[in-house]
Amino acid sequence: MATYEPFYNRTMELPEELLVGAIDSHVHAGPVLRSNPGHFDPIQVAEMARAAGMRTILYYDVFGWASGTAWMVNRYLKDFRTYGGYLMNSSHDGMNPRAVRTALNMGDGCRMISFGSHCTYHSASTESALVDGKLVPFKDAIPGFAEKELARAIRIPLDDEPVPDALKEILDMVAEHPEVYLNTGHVSGPEALRVVELAQAAGIKKILVAHPARALLTVEEQKNLAAKGVFLEACAVDFGGPWMPQTHYYVERELMDMGAVVHGRAMSWLQGIRDVGPEQFVLATDYGVRVLPSPIEGMRMMMSMLLYFGFSVEEVQTMTAHNPARMIGLD
(Lines give C-alpha, C1' and ligand atoms only; values in the text may rest on other atoms or scores of the structure.)
Protein backbone atom coordinates (compact mmCIF):
# COMPACT_ATOMS: atom_id res chain seq x y z
CA MET A 1 0.00 0.00 0.00
CA ALA A 2 1.38 3.43 -0.94
CA THR A 3 2.43 5.81 1.83
CA TYR A 4 0.87 8.80 0.06
CA GLU A 5 -1.70 8.73 -2.68
CA PRO A 6 -0.43 10.35 -5.89
CA PHE A 7 -2.29 13.44 -7.04
CA TYR A 8 -2.98 11.92 -10.44
CA ASN A 9 -4.52 8.53 -11.13
CA ARG A 10 -6.46 8.34 -7.90
CA THR A 11 -8.38 5.11 -7.53
CA MET A 12 -11.41 3.73 -5.73
CA GLU A 13 -9.30 0.89 -4.40
CA LEU A 14 -7.15 2.67 -1.79
CA PRO A 15 -10.07 3.93 0.35
CA GLU A 16 -11.58 0.44 0.11
CA GLU A 17 -8.30 -1.02 1.35
CA LEU A 18 -8.19 1.45 4.22
CA LEU A 19 -11.62 0.31 5.36
CA VAL A 20 -10.06 -3.04 6.25
CA GLY A 21 -9.30 -2.88 9.96
CA ALA A 22 -10.99 0.51 10.41
CA ILE A 23 -13.32 1.29 13.31
CA ASP A 24 -16.35 3.57 13.22
CA SER A 25 -16.84 4.66 16.84
CA HIS A 26 -19.98 6.74 16.23
CA VAL A 27 -22.77 4.81 14.51
CA HIS A 28 -26.48 5.49 14.93
CA ALA A 29 -28.76 2.53 14.34
CA GLY A 30 -32.31 1.83 15.44
CA PRO A 31 -34.51 1.48 17.35
CA VAL A 32 -35.58 5.12 17.28
CA LEU A 33 -38.67 7.24 17.90
CA ARG A 34 -41.50 6.99 15.38
CA SER A 35 -41.04 10.74 14.83
CA ASN A 36 -37.41 10.22 13.80
CA PRO A 37 -36.10 9.69 10.26
CA GLY A 38 -35.48 6.02 9.45
CA HIS A 39 -32.24 4.33 10.45
CA PHE A 40 -30.33 1.29 9.34
CA ASP A 41 -30.92 -1.39 11.92
CA PRO A 42 -27.95 -2.50 14.05
CA ILE A 43 -27.54 -5.86 12.33
CA GLN A 44 -27.58 -4.28 8.86
CA VAL A 45 -24.77 -1.91 9.79
CA ALA A 46 -22.72 -4.67 11.41
CA GLU A 47 -23.12 -6.89 8.35
CA MET A 48 -22.00 -4.06 6.04
CA ALA A 49 -19.01 -3.31 8.25
CA ARG A 50 -18.03 -6.97 8.36
CA ALA A 51 -18.33 -7.28 4.57
CA ALA A 52 -16.03 -4.25 4.15
CA GLY A 53 -13.42 -5.83 6.42
CA MET A 54 -13.80 -3.26 9.20
CA ARG A 55 -12.65 -4.29 12.67
CA THR A 56 -15.68 -3.13 14.63
CA ILE A 57 -18.26 -0.41 15.16
CA LEU A 58 -19.56 1.32 18.28
CA TYR A 59 -23.27 2.11 18.50
CA TYR A 60 -24.69 5.38 19.82
CA ASP A 61 -28.27 5.39 21.06
CA VAL A 62 -29.66 8.75 22.11
CA PHE A 63 -32.63 6.98 23.73
CA GLY A 64 -31.12 4.00 25.52
CA TRP A 65 -28.23 1.71 26.35
CA ALA A 66 -26.40 0.77 23.16
CA SER A 67 -24.31 -1.85 24.98
CA GLY A 68 -27.50 -3.91 25.07
CA THR A 69 -27.89 -3.46 21.33
CA ALA A 70 -24.29 -4.60 20.82
CA TRP A 71 -24.92 -7.68 22.97
CA MET A 72 -27.84 -8.73 20.77
CA VAL A 73 -25.93 -8.12 17.53
CA ASN A 74 -22.97 -10.12 18.83
CA ARG A 75 -25.28 -13.02 19.63
CA TYR A 76 -26.46 -12.98 16.02
CA LEU A 77 -23.15 -12.33 14.25
CA LYS A 78 -20.76 -14.83 15.78
CA ASP A 79 -17.73 -13.68 13.78
CA PHE A 80 -18.00 -9.89 14.22
CA ARG A 81 -18.03 -8.15 17.59
CA THR A 82 -19.63 -4.74 18.10
CA TYR A 83 -19.62 -2.36 21.07
CA GLY A 84 -22.00 0.14 22.60
CA GLY A 85 -22.09 3.26 24.70
CA TYR A 86 -24.47 5.18 26.90
CA LEU A 87 -25.62 8.80 26.55
CA MET A 88 -26.93 10.57 29.64
CA ASN A 89 -30.07 12.08 28.16
CA SER A 90 -33.13 13.56 29.79
CA SER A 91 -35.27 10.52 29.02
CA HIS A 92 -33.02 8.68 31.53
CA ASP A 93 -33.01 11.56 34.02
CA GLY A 94 -29.87 13.22 32.67
CA MET A 95 -26.87 13.00 35.00
CA ASN A 96 -28.13 9.86 36.72
CA PRO A 97 -25.50 7.70 38.49
CA ARG A 98 -27.87 4.73 38.65
CA ALA A 99 -28.36 4.78 34.88
CA VAL A 100 -24.60 5.00 34.32
CA ARG A 101 -23.94 2.12 36.70
CA THR A 102 -26.55 0.07 34.84
CA ALA A 103 -24.94 0.87 31.50
CA LEU A 104 -21.48 -0.12 32.71
CA ASN A 105 -22.80 -3.56 33.62
CA MET A 106 -25.18 -4.25 30.73
CA GLY A 107 -24.51 -6.97 28.18
CA ASP A 108 -20.82 -7.37 27.46
CA GLY A 109 -20.16 -4.05 29.13
CA CYS A 110 -20.29 -0.48 27.94
CA ARG A 111 -17.25 1.13 26.29
CA MET A 112 -18.33 4.78 26.32
CA ILE A 113 -20.19 7.12 28.67
CA SER A 114 -21.34 10.42 27.16
CA PHE A 115 -22.83 13.56 28.68
CA GLY A 116 -25.71 13.44 26.25
CA SER A 117 -26.61 14.78 22.85
CA HIS A 118 -29.60 16.90 21.85
CA CYS A 119 -30.81 17.57 25.36
CA THR A 120 -27.72 18.97 27.00
CA TYR A 121 -28.34 22.52 28.15
CA HIS A 122 -26.11 23.85 25.37
CA SER A 123 -27.85 21.88 22.64
CA ALA A 124 -31.40 22.30 23.95
CA SER A 125 -30.81 26.06 24.23
CA THR A 126 -29.79 26.41 20.59
CA GLU A 127 -31.97 23.96 18.66
CA SER A 128 -34.74 25.88 16.97
CA ALA A 129 -38.15 25.84 15.35
CA LEU A 130 -38.99 27.67 12.13
CA VAL A 131 -41.38 30.54 12.90
CA ASP A 132 -42.47 32.83 10.05
CA GLY A 133 -39.36 31.87 8.10
CA LYS A 134 -36.97 32.58 10.98
CA LEU A 135 -35.18 30.24 13.38
CA VAL A 136 -36.38 30.72 16.94
CA PRO A 137 -34.91 28.62 19.80
CA PHE A 138 -37.35 26.14 21.30
CA LYS A 139 -37.02 27.91 24.66
CA ASP A 140 -38.45 31.07 23.08
CA ALA A 141 -40.88 29.50 20.61
CA ILE A 142 -42.47 26.66 22.59
CA PRO A 143 -44.39 27.56 25.77
CA GLY A 144 -43.12 25.59 28.76
CA PHE A 145 -40.01 24.25 27.01
CA ALA A 146 -37.57 26.15 29.23
CA GLU A 147 -39.31 25.01 32.41
CA LYS A 148 -39.81 21.39 31.39
CA GLU A 149 -36.76 20.57 29.26
CA LEU A 150 -33.99 23.04 30.04
CA ALA A 151 -34.58 22.47 33.73
CA ARG A 152 -33.64 18.80 33.36
CA ALA A 153 -30.87 19.25 30.80
CA ILE A 154 -27.25 18.40 31.63
CA ARG A 155 -25.20 21.44 32.51
CA ILE A 156 -21.54 21.24 33.54
CA PRO A 157 -20.50 23.61 36.36
CA LEU A 158 -17.86 26.15 35.34
CA ASP A 159 -15.11 27.97 37.24
CA ASP A 160 -15.88 28.06 40.95
CA GLU A 161 -19.38 26.57 40.71
CA PRO A 162 -19.84 23.58 43.05
CA VAL A 163 -19.54 20.17 41.40
CA PRO A 164 -22.71 18.09 41.96
CA ASP A 165 -22.31 14.83 43.87
CA ALA A 166 -23.91 13.00 40.95
CA LEU A 167 -21.19 14.21 38.58
CA LYS A 168 -18.44 13.20 41.02
CA GLU A 169 -19.97 9.73 41.39
CA ILE A 170 -20.23 9.26 37.63
CA LEU A 171 -16.62 10.30 37.03
CA ASP A 172 -15.42 7.96 39.77
CA MET A 173 -17.37 5.07 38.23
CA VAL A 174 -15.86 5.66 34.79
CA ALA A 175 -12.38 5.88 36.33
CA GLU A 176 -12.93 2.42 37.82
CA HIS A 177 -13.46 0.99 34.29
CA PRO A 178 -10.25 1.49 32.27
CA GLU A 179 -11.86 -0.13 29.22
CA VAL A 180 -14.44 2.71 29.10
CA TYR A 181 -13.82 6.20 27.74
CA LEU A 182 -15.63 9.40 28.66
CA ASN A 183 -17.30 11.41 25.91
CA THR A 184 -18.01 15.10 26.52
CA GLY A 185 -21.20 14.94 24.43
CA HIS A 186 -23.02 17.99 23.06
CA VAL A 187 -21.93 20.43 25.73
CA SER A 188 -20.51 23.89 25.09
CA GLY A 189 -16.82 24.54 24.53
CA PRO A 190 -16.16 25.86 28.07
CA GLU A 191 -18.12 22.93 29.49
CA ALA A 192 -16.05 20.46 27.46
CA LEU A 193 -12.83 21.96 28.84
CA ARG A 194 -14.24 21.71 32.37
CA VAL A 195 -15.25 18.08 31.83
CA VAL A 196 -11.69 17.26 30.79
CA GLU A 197 -10.32 19.00 33.87
CA LEU A 198 -12.67 17.17 36.25
CA ALA A 199 -12.27 13.83 34.49
CA GLN A 200 -8.49 13.87 34.55
CA ALA A 201 -8.55 14.89 38.22
CA ALA A 202 -10.76 11.84 38.86
CA GLY A 203 -8.21 9.59 37.18
CA ILE A 204 -9.98 8.95 33.88
CA LYS A 205 -7.33 8.11 31.27
CA LYS A 206 -9.39 8.11 28.07
CA ILE A 207 -11.46 11.18 27.18
CA LEU A 208 -13.02 12.09 23.85
CA VAL A 209 -14.07 15.67 23.11
CA ALA A 210 -17.07 15.40 20.79
CA HIS A 211 -17.39 17.49 17.64
CA PRO A 212 -14.80 20.23 18.30
CA ALA A 213 -15.20 21.21 14.63
CA ARG A 214 -18.59 22.73 15.46
CA ALA A 215 -16.88 26.01 16.38
CA LEU A 216 -16.82 25.00 20.03
CA LEU A 217 -13.05 25.13 20.53
CA THR A 218 -10.26 27.06 18.88
CA VAL A 219 -7.34 25.30 17.24
CA GLU A 220 -5.15 26.34 20.16
CA GLU A 221 -7.61 24.88 22.67
CA GLN A 222 -7.67 21.65 20.69
CA LYS A 223 -3.87 21.56 20.60
CA ASN A 224 -3.75 22.00 24.37
CA LEU A 225 -6.18 19.13 24.84
CA ALA A 226 -4.22 16.90 22.47
CA ALA A 227 -1.05 17.67 24.42
CA LYS A 228 -2.82 16.37 27.54
CA GLY A 229 -3.57 13.06 25.81
CA VAL A 230 -7.22 13.87 25.13
CA PHE A 231 -8.79 12.43 21.98
CA LEU A 232 -10.59 14.80 19.59
CA GLU A 233 -13.50 13.56 17.51
CA ALA A 234 -13.96 14.42 13.85
CA CYS A 235 -17.13 13.11 12.22
CA ALA A 236 -18.19 12.92 8.60
CA VAL A 237 -21.54 14.43 9.56
CA ASP A 238 -19.77 17.68 10.46
CA PHE A 239 -19.01 18.34 6.81
CA GLY A 240 -20.95 15.88 4.72
CA GLY A 241 -24.62 15.98 5.62
CA PRO A 242 -27.50 17.38 3.56
CA TRP A 243 -29.25 20.67 4.30
CA MET A 244 -32.18 19.21 6.23
CA PRO A 245 -33.01 18.11 9.78
CA GLN A 246 -31.27 14.84 10.58
CA THR A 247 -32.05 13.92 14.18
CA HIS A 248 -35.20 14.55 16.16
CA TYR A 249 -34.80 14.04 19.89
CA TYR A 250 -38.32 14.89 20.99
CA VAL A 251 -41.52 13.02 20.18
CA GLU A 252 -43.54 16.21 19.59
CA ARG A 253 -43.62 17.40 15.98
CA GLU A 254 -43.22 21.05 16.96
CA LEU A 255 -39.91 20.16 18.65
CA MET A 256 -38.22 19.19 15.40
CA ASP A 257 -34.98 21.16 15.23
CA MET A 258 -35.00 23.27 12.06
CA GLY A 259 -31.52 24.62 12.72
CA ALA A 260 -29.74 21.54 11.36
CA VAL A 261 -27.66 23.50 8.87
CA VAL A 262 -24.71 21.33 7.96
CA HIS A 263 -21.29 22.95 8.00
CA GLY A 264 -20.48 21.76 4.50
CA ARG A 265 -16.98 23.23 4.56
CA ALA A 266 -14.82 20.16 4.19
CA MET A 267 -11.61 22.03 3.53
CA SER A 268 -11.72 23.99 6.79
CA TRP A 269 -12.69 20.80 8.65
CA LEU A 270 -9.68 18.99 7.20
CA GLN A 271 -7.39 21.97 7.77
CA GLY A 272 -8.38 21.98 11.42
CA ILE A 273 -7.22 18.38 11.76
CA ARG A 274 -3.97 19.25 10.02
CA ASP A 275 -3.39 22.31 12.23
CA VAL A 276 -3.91 20.35 15.45
CA GLY A 277 -2.24 17.18 14.17
CA PRO A 278 -3.78 13.74 13.59
CA GLU A 279 -2.07 12.01 16.51
CA GLN A 280 -4.99 12.45 18.94
CA PHE A 281 -7.90 12.51 16.47
CA VAL A 282 -10.53 9.80 16.24
CA LEU A 283 -12.48 9.80 12.98
CA ALA A 284 -16.03 8.48 12.90
CA THR A 285 -19.15 9.08 10.82
CA ASP A 286 -22.11 9.87 13.12
CA TYR A 287 -24.11 8.28 10.30
CA GLY A 288 -26.95 5.78 10.24
CA VAL A 289 -29.99 7.97 9.48
CA ARG A 290 -31.95 7.63 6.27
CA VAL A 291 -30.95 10.97 4.72
CA LEU A 292 -27.25 10.06 4.84
CA PRO A 293 -25.16 7.31 3.20
CA SER A 294 -24.41 4.18 5.20
CA PRO A 295 -21.75 4.53 7.90
CA ILE A 296 -19.47 2.34 5.80
CA GLU A 297 -19.84 4.62 2.79
CA GLY A 298 -19.34 7.59 5.10
CA MET A 299 -16.03 6.15 6.27
CA ARG A 300 -14.94 5.50 2.69
CA MET A 301 -15.88 9.05 1.72
CA MET A 302 -14.04 10.52 4.68
CA MET A 303 -10.92 8.48 3.92
CA SER A 304 -11.04 9.60 0.30
CA MET A 305 -11.16 13.25 1.36
CA LEU A 306 -8.26 12.80 3.76
CA LEU A 307 -6.15 11.22 1.04
CA TYR A 308 -7.07 13.98 -1.36
CA PHE A 309 -6.05 16.58 1.21
CA GLY A 310 -2.61 14.99 1.49
CA PHE A 311 -2.88 12.93 4.65
CA SER A 312 -0.66 9.85 4.54
CA VAL A 313 -1.97 6.30 4.69
CA GLU A 314 -0.40 5.99 8.15
CA GLU A 315 -2.16 9.15 9.35
CA VAL A 316 -5.50 7.89 8.05
CA GLN A 317 -4.98 4.57 9.79
CA THR A 318 -3.98 6.33 13.00
CA MET A 319 -7.27 8.24 13.08
CA THR A 320 -9.57 5.49 11.82
CA ALA A 321 -8.03 2.30 13.21
CA HIS A 322 -5.34 2.77 15.86
CA ASN A 323 -6.77 5.62 17.95
CA PRO A 324 -10.33 4.20 18.03
CA ALA A 325 -8.88 0.85 19.12
CA ARG A 326 -6.98 2.54 21.95
CA MET A 327 -10.10 4.39 22.97
CA ILE A 328 -12.36 1.33 22.98
CA GLY A 329 -9.74 -0.75 24.75
CA LEU A 330 -8.69 -3.13 21.98
CA ASP A 331 -5.16 -4.35 21.34
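Since this is a predicted model, take the numbers as computed values, not measurements.
Here the shortest heavy-atom pairing between K168 and V163 reads CE-O, 3.5 Å. When every heavy atom of F80 is checked against every heavy atom of M54, the shortest pair comes out as CE1-O, 3.2 Å. Scanning both residues, E5 and T11, for their nearest heavy atoms gives OE2-N, 3.9 Å. When every heavy atom of K139 is checked against every heavy atom of S125, the shortest pair comes out as CE-O, 3.5 Å. Of all the heavy atoms in G116 and N89, the pair that sits closest is CA-OD1, 3.2 Å. Taking both residues in full, the closest heavy atoms of A236 and G298 are given as CB-O, 4.3 Å, listed atom of the first, atom of the second, then distance.
When hydrophobic clusters are built by joining Ile, Leu, Val, Met, Phe, Trp and Tyr residues whose side-chain heavy atoms come closer than 4.5 Å, directly or via intermediates, I296 is not grouped with V20. Note: the hydrophobic cluster containing F138 does not contain V136 (ILVMFWY, side chain heavy atoms under 4.5 Å, direct or indirect links). L182 and L158 are assigned to two separate hydrophobic clusters, defined by single-linkage of ILVMFWY side chains at heavy-atom distances under 4.5 Å. Hydrophobic clustering of Ile, Leu, Val, Met, Phe, Trp and Tyr side chains at less than 4.5 Å, counting indirect connections, keeps L255 apart from V131.
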Using the side chain to side chain contact (heavy atoms under 4.5 Å, CB included) rule, take F281 and Q222 through it: C-alpha gap first, then chi angles, then the decisive distance, then the call. CA-CA 10 Å; F281 265 95; Q222 293 179 57; 3.7 Å; yes

Check the pair N224, E220 against side chain to side chain donor-acceptor pair (under 3.5 Å), reporting the backbone distance first and the verdict last. CA-CA 6 Å; N224 291 337; E220 284 304 313; 5.4 Å; no

Could you go step by step and tell me if I154 and C119 meet the side chain to side chain contact (heavy atoms under 4.5 Å, CB included) rule? CA-CA 7 Å; I154 283 184; C119 61; over 6 Å; no

Can you check side chain to side chain contact (heavy atoms under 4.5 Å, CB included) on C235 and H211, steps first, answer last? CA-CA 7 Å; C235 286; H211 301 296; 3.7 Å; yes

Side chain to side chain contact (heavy atoms under 4.5 Å, CB included) between N183 and F115, intermediate numbers included: CA-CA 7 Å; N183 186 319; F115 281 98; over 6 Å; no

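Other residues, nucleotides and ligands contribute more than 12 heavy atoms inside 6.0 Å of the CZ atom of R10. Around CZ of R194, the count of heavy atoms belonging to other residues, nucleotides or ligands within 6.0 Å exceeds 12. The number of heavy-atom neighbours closer than 6.0 Å to OH of Y308, taken from other residues, nucleotides and ligands shown, is 12 or below. The 12-atom threshold is not exceeded at NZ of K134, counting heavy atoms of other residues, nucleotides or ligands nearer than 6.0 Å. More than 12 heavy atoms of other residues, nucleotides or ligands sit less than 6.0 Å from atom CG of D79.
Within the 4.5 Å cutoff, the side chain of L232 has no heavy atoms near those of the V282 side chain. Counting heavy atoms from C-beta on, the side chains of L167 and P157 come closer than 4.5 Å. Residues F40 and M48 meet the side-chain proximity criterion, which asks for heavy atoms closer than 4.5 Å. Using a 4.5 Å cut-off on side-chain heavy atoms (C-beta onward), I23 and L330 make contact. Residues M319 and L306 have side chains in contact (heavy-atom distance under 4.5 Å, counting atoms from C-beta outward). When side chains are defined from C-beta on, L193 counts as touching L217, because their heavy atoms get closer than 4.5 Å. Considering only heavy atoms from C-beta on, S67 stays 4.5 Å or farther from R111 through its side chain. Side-chain atoms of E149 and R152, non-hydrogen and from C-beta on, do get closer than 4.5 Å to each other.
Between E315 and R274 there is a salt bridge, since a side-chain N of the basic residue sits under 4.0 Å from a carboxylate O of the acidic one. Using a 4.0 Å cut-off between a side-chain N of Lys or Arg and a carboxylate O of Asp or Glu, E169 and R101 qualify as a salt bridge.
Side chain of N74 to backbone of A70: a donor-acceptor contact under 3.5 angstrom is found. Between the side chain of T120 and the backbone N or O of S123, at least one donor-acceptor pair lies under 3.5 Å. The closest donor-acceptor contact from the side chain of Y59 to the backbone of P42 lies under 3.5 Å. In this structure, D286 contributes its side chain and D238 its backbone to no donor-acceptor pair below 3.5 Å. Judged by distance alone, with hydrogens and angles left aside, the side-chain atoms of Q280 form a donor-acceptor pair with the main-chain N or O of V230 at under 3.5 Å. Judged by distance alone, with hydrogens and angles left aside, the side-chain atoms of D93 form no donor-acceptor pair with the main-chain N or O of N96 at under 3.5 Å. Between the side chain of S25 and the backbone N or O of P324 there is no donor-acceptor pair closer than 3.5 Å. Under a 3.5 Å cut-off, the side chain of E191 and the backbone N or O of S188 do form a donor-acceptor pair. A donor-acceptor pair is defined here as one N or O able to donate and one able to accept, closer than 3.5 Å; no such pair exists between the side chain of W65 and the backbone of L104.
Note that the NZ atom of K206 and the CE atom of M327 stand 8.5 Å from one another [nearest 0.5 Å]. With values rounded to the nearest 0.5 angstrom, H122 atom NE2 is found 12.5 Å from L150 atom CG. A distance of 7.5 Å separates SG of C110 from CG of L58, quoted to the nearest 0.5 Å. Atom OG1 of T318 is separated from atom CZ of F311 by 11.0 Å, given to the nearest 0.5 angstrom. Expressed to the nearest 0.5 Å, how far CE of M303 lies from CE of M301 amounts to 11.5 Å. Atom CG of D24 sits about 12.0 Å away from atom OG1 of T82, to the nearest 0.5 Å.
With 3.5 Å as the limit, one finds a donor-acceptor pair spanning the side chains of E127 and H118. Donor-acceptor pairing under 3.5 Å is lacking for the side chains of Q317 and H322.
Chaining together hydrophobic side chains whose heavy atoms lie under 4.5 Å apart places M72 alongside W71.
Between Y60 and H28, the ring-plane angle classifies as perpendicular under the 30° and 60° cut-offs.
Aromatic ring centroids of F145 and Y250 lie under 6.0 Å apart.
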